[in-house]
Each structure stands twice: as structure tokens, then as C-alpha cells.
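Notes follow the structure.
Just follow the structure's listing: the first ligand is 1, and inside any ligand the first atom is 1.
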Amino acid sequence: MNAPTIAPPDTALARCVGAGRTYGTGDRAVVAVYDATCSVGASDRVAIVGPSGSGKSTLLHLLAGLETPSAGTVTWPALGGHPRDGAHRVGLVFQAPSLIPSMTVLENVELPMLLGDTGPTEARQRARSALDLLDLDGLRGDLPQELSGGQAQRVVIARVLAARPRLILADEPTSQLDRHTADHVADVLVQVSDEIDAALVVATHDRAIGGRMTTVWPIHDGRLRPAATPSSMPQPTEGDPA
Ligand code: ADP
Ligand code: MG
């Protein structure tokens, strides 16, 4: 008798199958993403690269479960459910630092854990060690307004680190930073993803970030092109604004 066939577990952290997103209806409908099929596996390092308006943020929001697809499906097989239904499984880093102005750096880093199922003692411990790891321990008591742009983004990354998600999604995380600071923040993002063995997907038009990932998903006019490696992407020509 044949042994029963057991399907291997689906290890994708996030998967889009024919996923599309249209904003508005009728004459005013804008298709931001068409028919995207892609998946993010454990420890993947992906850059979604395309010009402004090409659909990068929309695709990232679909992967985060922040937007509902208007066509196709988005699932999170290895996360065991929708990211919004469970704490800490997906960590988000946005373009503009998203710290709560009235809370200190330490409180900002603790907050998502306290809103989840982490007790206050453990939340404090994890927040402190995340801030230590990113050399931010001296800023624990500061308010966000006292931080530089690069420091604020590193605090956001510390907040992600402390919550230990399995998938980190970052939308243009360095676009408001100068070149030197952007490079540092990009390094920290990769370092943190390595540290907690999380997959990392970054939407960016910053080639320096793209070069730090192992896979590039080019997107144009809402259409994902075949995945590429960073070295196979066209090189910038002179005068190209990065
Ligand atoms: P990118 O991040 O690459 O700049 P977006 O995903 O933000 O691109 O946008 C893709 C397209 O969808 C653009 O044409 C944009 O104007 C449109 N779009 C994005 N969000 C909305 C929205 N909430 N309502 C209407 N149109 C939107
Ligand atoms: Mg965007």
C-alpha cells in the first residue's frame, strides 16, 4: 500500500496570486497594481523598484494586509492568518518616521508590544536591548522632536526589532534622509532583519538599497516584471537622480 502523500507545508510568509488593486470606480478608476503574482519566503531580501506612481506602496500595502485586493488573492500561509489578526508577525517601516510625538523613544519602542500580548517587564527589556543594539540607548528618554531624521528612522527600526516580526515591510525608508544617513539606515535595516531572521521587502527607488537585497522586483505602471538580481538591473546614467 502506498504511504499517504502529505503536501509539504507552504513556507511563503506572504503570497499574491493575480492580485490587483483599483482605487475609485467608473471613469475615475485608477489601477494601481495589475495581476501581481509573487511570494516572499523566509529570509528573503527583496527590493520593489520602480518610478514614482508605479504601484510600489500599493503592492507593499497588499503584502502587509493594509489594503484588500480588488482582484486575486493575498495570503500569509506561514504566518497562520491575516497579519492584522496577530501581534508582531509583520513589522512596518514607512517613509516618514511614525513615532508618537508625546511618548519617549523607549515608550515608542515598547508600545506595539504592550498593545500585543507582551507583558510590561518583557516589553521594557526587549525595547532596551533593541535600542542598545542600534546604539540608541542614550536617546531612550528623548521625545521624537528631539531626534534627527536618521535617528528617528533608527528608532522605528528598533521598534520593529523589539517586536521580532517574521516579515519586515519598508516603504521608501530612506527617501527623506541624506545619502550618508540613508546608507547607514539601510545597513541597520538589513542588520536587524539578519539578527531576527526576518524576511525583508523594501519598496524603494534608491539603487543603493536595491543593491543590498538579493532580489529585485521591478514594477512599472502597476505591472510587476520578472524578478531580477540587483547586478542585472540597468545602471544609472549620468545625471540620473539616483
Ligand atoms: P508608488 O509607491 O510607486 O509611488 P503608489 O502605489 O503610491 O505608487 O500609487 C500607484 C498609483 O495608484 C498612482 O497612480 C497613485 O496615484 C494611485 N493611488 C495610490 N493610492 C491611491 C488612493 N488612495 N486613491 C487613489 N489613487 C491612488
Ligand atoms: Mg510609494
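- Here the protein heavy atom with the shortest distance to atom 1 (P) of ligand 1 is G53 N, 3.5 Å.
- By the 4.0 Å N-to-carboxylate-O rule, R15 lies close enough to D10 to be salt-bridged with it.
- Salt bridge annotation for R212-D187: present, with a cationic side-chain nitrogen under 4.0 angstrom from a carboxylate oxygen.
- Side-chain contact between R21 and T58: present, with at least one pair of heavy atoms (C-beta onward) separated by less than 4.5 Å.
- The P51 neighbourhood of ligand 1 comprises atoms 3 (O), with distances under 4.0 Å to a heavy atom of that residue.
- Counting only heavy atoms of the protein, atom 7 (O) of ligand 1 lies nearest to S57 CB, 3.8 Å.
- D194 is listed as a side-chain neighbour of R45, based on a closest heavy-atom distance under 4.5 Å.
- The shortest distance between side-chain heavy atoms of C16 and L63 falls below 4.5 Å.
- Residues L60 and V201 meet the side-chain proximity criterion, which asks for heavy atoms closer than 4.5 Å.
- Neither the backbone nor the side chain of A203 has a heavy atom within less than 4.0 Å of ligand 1.
- Protein heavy atoms all stay at least 4.0 Å away from atom 16 (O) of ligand 1.
- Within the 4.0 Å heavy-atom shell around ligand 1 one does not find G50.
- Among all non-hydrogen protein atoms, the one lying nearest atom 27 (C) of ligand 1 is Y23 CD1, 3.2 Å.
- Between R128 and D132 no salt bridge is recorded (no basic side-chain N to carboxylate O distance below 4.0 Å).
- For ligand 1, the atoms closer than 4.0 angstrom to any heavy atom of S52 are 4 (O).
- No donor-acceptor distance shorter than 3.5 angstrom exists from the side chain of Q153 to the backbone of V185, with no hydrogens or angles considered.
- Among V30, T58, V49, the residue whose heavy atom sits closest to atom 9 (O) of ligand 1 is T58.
- Here the side chains of C38 and L224 are in contact, with some heavy-atom distance below 4.5 Å.
- Just one of R126, R124, Q125 meets the side chain to side chain donor-acceptor pair (under 3.5 Å) condition when paired with E122; it is R126.
- Near S54, the atoms of ligand 1 lying under 4.0 angstrom from a non-hydrogen atom of the residue are 1 (P), 3 (O), 8 (O).
- Under the 4.5 Å side-chain criterion, counting only non-hydrogen atoms from C-beta, D142 is not in contact with Q151.
- With respect to atom 12 (O) of ligand 1, the closest heavy atom belonging to the protein is A32 CB, 3.2 Å.
- Distances shorter than 2.8 Å separate the Mg ion (ligand 2) from the protein N/O/S atoms S57 OG.
- Looking from atom 8 (O) of ligand 1 to the surrounding protein, the closest heavy atom is G55 N, 3.1 Å.
- Without hydrogens or angle criteria, T104 side chain to E107 main chain gives a donor-acceptor distance under 3.5 Å.
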